[in-house]
Undergrad: 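Just passing along the structure, written as structure tokens.
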Amino acid sequence: MGHLPTSESSCIIHHNCLAVLSRHSAPNVRSQWEEERYPEGIKWKFLEHKGPVFAPPYEPLPENVKFYYDGKVMKLSTKAEEVATFFAKMLDHEYTTKEIFRKNFFKDWRKEMTSEEKSTITSLSKCDFTHMSQYFKAQTEARKQMSKEEKQKIKEENERLLKEYGYCVMDNHKERIANFKIEPPGLFRGRGNHPKMGMLKRRIMPEDIIINCSKDSKVPPPPPGHKWKEVRHDNKVTWLVSWTENIQGSIKYIMLNPSSRIKGEKDWQKYETARRLKKCVDKIRNQYREDWKSKEMKVRQRAVALYFIDKLALRAGNEKEEGETADTVGCCSLRVEHIKLHPELDGQEYVVEFDFLGKDSIRYYNKVPVEKRVFKNLQLFMENKQPEDDLFDRLNTSILNKHLQDLMEGLTAKVFRTYNASITLQQQLKELTNPDDNIPAKILSYNRANRAVAILCNHQRAPPKTFEKSMMNLQSKIDAKKEQLADARRELKSAKADAKVRRDEKSKKAVESKKKAVQRIEEQLMKLEVQATDREENKQIALSTSKLNYLDPRISVAWCKKWGIPIEKIYNKTQREKFAWAIDMAEEDYEF
DNA sequence: GACCCGACTTAGGACCGAAGCG
DNA sequence: CGCTTCGGTCCTAAGTCGGGTC
């Protein structure tokens, strides 16, 4: 295998290049630099990789694992059996009880059956997968029980695969690939109420695969007996491998890891755009407030939508094809049924109550007081409409983004999310960091600032399955600690009384040690209570998404430098790799 | 301007090994 | 030591947005 360097050292160079540039440069210098290296949309000059790793082939079940139809044992053809195992593996999941899931699955399963199977198996409810399911559970159990040596062997095999296929060379750099393994076949599980749940996600073959690499590279060979769909040499894109998936008909890609030069630069660029927005956001805000009064309905709708995007960090909200995906919306696709207007609510005037499902079917629920003009406009937009009608019927993301482009080069709806997230972090850090705090307390403040952003962006998570239980465990620990404290206090009291009577050194010492014990227990109790609050506050909030995608890492790096916090306390290894550019370039006085 | 497609970013959940705790 | 909890990684779905076509 030709050009892949074995040394890691070649990776280091590019971060320093970024750092050197950034210290002296205004944001636009960078694009000049980029233009020097890559004229008009060229992403690389050299690209070589080993191609994808395919999912392991299907291994038929052992003879003794039975499938039953209508109470009778039935031996399935290999293809039908494979699809049946997908269902059997999900039997415990409530998915498999859902009407749509079952219907979609059964339809696709039947396509894999032989004609005899098809004529026999006519009802999913007569299928009994429990024996298969038990077998897989036993397998999982067996895997857990594996010896250290066996586990080590698997680990080594994975490392070998990573070493062989997990890297590529792009323009003199050895780079880590993000997802070099092809997605295995299985049953599609959409998020939320997805109309396609349960459909068969088919096995991807070399014949489905488009390879992208440079002409002067060593083209990866397809597996023996197979051919690639196509080999192309397109240096205007960053992907190495692509294929078309069969559920939505969309294209999937193999691309580089976030630590790569190409991703890092893009990330940097994203934050630079957000910083440019910072410079003109006041002007833009004044503008959209003016537009609330416009004679043109289209302009008013645009201005109200933009206000929501800015104030509430809503997503743009592209139109979606009905029936193809879960019914979710963003700002421009809000419908009348998603908001309620309250002229007065809980002592506040002009409150808008939002209730809709956003990306990933995550609920957005918020009651927001808005300015009178916005409120009146919303009333106007809703006049003579049905609940299922679009709130902004004269607006879509393309109109909005074209307008934004006129306000600032490179401005789109999502830049507001990046801008507001980053500026919020910066403000919150300033506000919450207490210089006298020790390091753990400062980190707590950091997490609080992070949390403020996560709430703004509505980054939620399902409460961990064991949340209630673990909360109860924690509570009983707290209760136990309280009792312990009460005991310790009683002991202290009696020791004091004792010392008063005896007046000797020994009893004085006893008092001192009891005092210390009380203090220690008080501290432990406080720690537990802080932990409980923290956990409760974090119950439904996911911090990682904003940390990874919305917060300019230079803010965090600067904060760490300023307060002497080791960067490792804020970013783990993966995150440090992704944000290497920022760690290199940000000084303690960095301002977003 | 509606529609479609391609390329890319953003997203939450499953899983698993390590750390923490009694 | 055995249990629970935590944190990191992997996985892949679901968005955004620009460009092309008609």
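So that the names make sense, note that chain A is the first sequence line, chain B the second, and so on, each numbered from 1. The figures here come from the full heavy-atom set of this structure, side chains too, leaving out hydrogens, waters and symmetry mates.
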Undergrad: Give a yes/no on whether any side-chain N or O of A:Lys196 is located under 4.0 angstrom from OP1 or OP2 of C:dA13.
TA: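 Answer is no, no contact under 4.0 Å.
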Undergrad: For a quick check of understanding: with a heavy-atom distance under 4.0 Å over all strands, which category does A:Thr328 fall into, base, sugar-phosphate or nothing?
TA: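 Sugar-phosphate contact only.
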Undergrad: Quick one: which of C:dT9, C:dA14, C:dT16 gets closest to the side chain of A:His194?
TA: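 Looking only at side-chain atoms, A:His194 lies closest to C:dA14.
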Undergrad: Tell me: CD of A:Gln575 to P of C:dG8, nearest whole Å?
TA: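 My rounded result for the distance is 7 Å.
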Undergrad: Within residues 207-214 of chain A, find the residues that approach DNA chain C with a heavy atom at under 4.0 Å, and present them sorted by residue number.
TA: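 Close to the strand, none.
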Undergrad: Is A:Arg417 near enough to B:dT9 that one of its side-chain N or O atoms lies under 4.0 angstrom from OP1 or OP2?
TA: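 Indeed not, no polar side-chain atom of A:Arg417 lies that close.
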Undergrad: Can you confirm whether or not the ring centre of A:Phe308 sits under 6.0 Å from the ring centre of A:Phe354?
TA: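 Yes: the rings meet the under 6.0 Å criterion.
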Undergrad: Where the side chain of A:Lys181 is concerned, which of C:dC11, B:dA11, B:dC8 is the nearest nucleotide?
TA: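 Closest nucleotide among those given: C:dC11.
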Undergrad: Could you check whether the side chain of A:Lys414 and the base of B:dT9 have a donor-acceptor pair of N or O atoms closer than 3.5 Å, going by distance alone?
TA: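 Answer is no: no donor-acceptor pair is held.
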Undergrad: Let's see if you can work this out: which of C:dC17, B:dC8, B:dA11 has an atom nearest to the side-chain heavy atoms of A:Ala316?
TA: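 For A:Ala316, the side-chain atoms sit closest to C:dC17.
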Undergrad: A:Arg335 and salt bridge (Lys or Arg N to Asp or Glu O under 4.0 Å): which partner among A:Asp327, A:Asp355, A:Asp393?
TA: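 That would be A:Asp327; it is the only one of A:Asp327, A:Asp355, A:Asp393 passing the salt bridge (Lys or Arg N to Asp or Glu O under 4.0 Å) with A:Arg335.
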Undergrad: Less than 4.0 angstrom between a side-chain N/O of A:Thr545 and OP1 or OP2 of B:dG12, yes or no?
TA: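 Checking A:Thr545 against B:dG12: at least one side-chain N or O falls below 4.0 Å of OP1 or OP2.
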Undergrad: Looking for any heavy atom pair under 4.0 Å, which part of the strands does A:Ser398 touch: base, sugar-phosphate only, or nothing?
TA: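 The residue A:Ser398 makes no contact with any strand.
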Undergrad: Base, sugar-phosphate, or nothing for A:Lys573, non-hydrogen atoms under 4.0 angstrom?
TA: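 Nothing: the residue A:Lys573, judged by heavy atoms under 4.0 Å, touches no strand.
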Undergrad: Determine the contact category for A:Pro184: base if any of its heavy atoms lies under 4.0 Å from a base atom, sugar-phosphate if only primed atoms, P, OP1 or OP2 are that close, otherwise nothing.
TA: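 Here A:Pro184 touches the backbone only, sparing every base.
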Undergrad: Quick one: sort the A:Phe87 and A:Phe129 rings into parallel, tilted or perpendicular, breaks at 30° and 60°.
TA: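 Ring orientation of A:Phe87 relative to A:Phe129: tilted.
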Undergrad: Quick check for you: among C:dC17, C:dT12, B:dA11, whose closest atom lies nearest to any side-chain atom of A:Asp360?
TA: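 Nucleotide nearest to A:Asp360's side chain: B:dA11.
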Undergrad: Between B:dC8, B:dA11, C:dC17, spot the one nearest the side chain of A:Lys263, thanks.
TA: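 Of B:dC8, B:dA11, C:dC17, B:dC8 is nearest to the side chain of A:Lys263.
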Undergrad: Measure from the side-chain heavy atoms of A:Lys320 and tell me the nearest of C:dA14, C:dG15, C:dG8.
TA: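 Of the options given, the side chain of A:Lys320 lies nearest C:dG15.
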Undergrad: Under 4.0 Å, counting only non-hydrogen atoms across every strand here, what does A:Phe188 touch: a base, just sugar-phosphate, or nothing?
TA: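 Since only primed, P, OP1 and OP2 atoms lie under 4.0 Å of A:Phe188, the category is sugar-phosphate.
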Undergrad: Between atom CG in A:Asn318 and atom C1' in B:dC4, what is the gap in whole Å?
TA: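 Atom-to-atom, A:Asn318 to B:dC4, this comes out as 13 Å.
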Undergrad: So, does A:Asn179 get its side chain near the phosphate of C:dC11, meaning an N or O under 4.0 Å from OP1 or OP2?
TA: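 A:Asn179 to C:dC11 OP1/OP2: no side-chain N or O under 4.0 Å.
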Undergrad: Just checking A:Gly317: base, sugar-phosphate only, or nothing, at a heavy-atom cut-off of under 4.0 Å?
TA: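 The residue A:Gly317 makes sugar-phosphate contact but no base contact.
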Undergrad: Would you check if the distance from the ring center of A:His49 to the ring center of A:Tyr165 is below 6.0 Å?
TA: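 No, they do not, as the ring centres are separated by 6.0 Å or more.
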Undergrad: Counting only side-chain heavy atoms from C-beta out, which of B:dA11, C:dG18, C:dG8 sits nearest to A:Thr412?
TA: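 Output: C:dG18.
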Undergrad: For A:Ile399, which contact category applies under a 4.0 Å heavy-atom criterion: base, sugar-phosphate, or nothing?
TA: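 Since no nucleic acid heavy atom lies under 4.0 Å of A:Ile399, the category is nothing.
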Undergrad: Is there a side-chain contact between A:Lys252 and the phosphate of C:dA13, meaning an N or O under 4.0 Å from OP1 or OP2?
TA: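 Result: yes.
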Undergrad: For atom CD of A:Glu409, is the number of surrounding heavy atoms from other residues, nucleotides or ligands below 6.0 Å larger than 12?
TA: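 No, not enclosed.
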Undergrad: Does a side-chain heavy-atom distance below 4.5 Å link A:Tyr167 with A:Leu162?
TA: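 Counting from C-beta outward, A:Tyr167 and A:Leu162 do come under 4.5 Å.
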Undergrad: Taking any heavy-atom pair under 4.0 Å as a contact, classify A:Glu245: base, sugar-phosphate, or nothing.
TA: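 Touches nothing.
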Undergrad: Please determine, for the side chain of A:Arg143, which listed nucleotide (C:dA13, B:dC16, B:dG12) has the closest atom?
TA: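 The listed nucleotide nearest to A:Arg143's side chain is B:dC16.
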Undergrad: Taking the ring centre of each residue, are A:Tyr95 and A:Phe101 less than 6.0 Å apart?
TA: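 Close enough - the centres of the two rings lie under 6.0 Å apart.
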Undergrad: Taking only side-chain nitrogens and oxygens of A:Lys144, does any of them come within less than 4.0 Å of OP1 or OP2 of B:dC16?
TA: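 Checking B:dC16 against A:Lys144, no side-chain N or O comes under 4.0 Å of OP1 or OP2.
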Undergrad: I'd like to know whether the aromatic ring centres of A:Tyr571 and A:Phe579 sit less than 6.0 Å apart in this structure.
TA: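 Aromatic pair counts; centres sit under 6.0 Å.
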Undergrad: What contact category does A:Arg191 fall into here, base, sugar-phosphate, or nothing, at under 4.0 angstrom with non-hydrogen atoms?
TA: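 If one applies the 4.0 Å heavy-atom cut-off, A:Arg191 turns out to touch a base.
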Undergrad: What is the nucleic acid contact for A:Lys201, judged by heavy atoms within less than 4.0 Å: base, sugar-phosphate only, or nothing?
TA: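 If one applies the 4.0 Å heavy-atom cut-off, A:Lys201 turns out to touch the sugar-phosphate alone, with no base involved.
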Undergrad: Quick one: label A:Gly358 by what it contacts on the DNA or RNA (base, sugar-phosphate, nothing), any heavy atom closer than 4.0 Å.
TA: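 Sugar-phosphate: the residue A:Gly358, judged by heavy atoms under 4.0 Å, touches backbone atoms but no base.
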Undergrad: Could A:Lys201 and A:Phe188 be counted as a cation-pi pair, given that NZ or CZ must be under 6.0 Å from the ring centre and within 45° of the axis?
TA: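 Geometry flag: not set, cation outside 6.0 Å or 45°.
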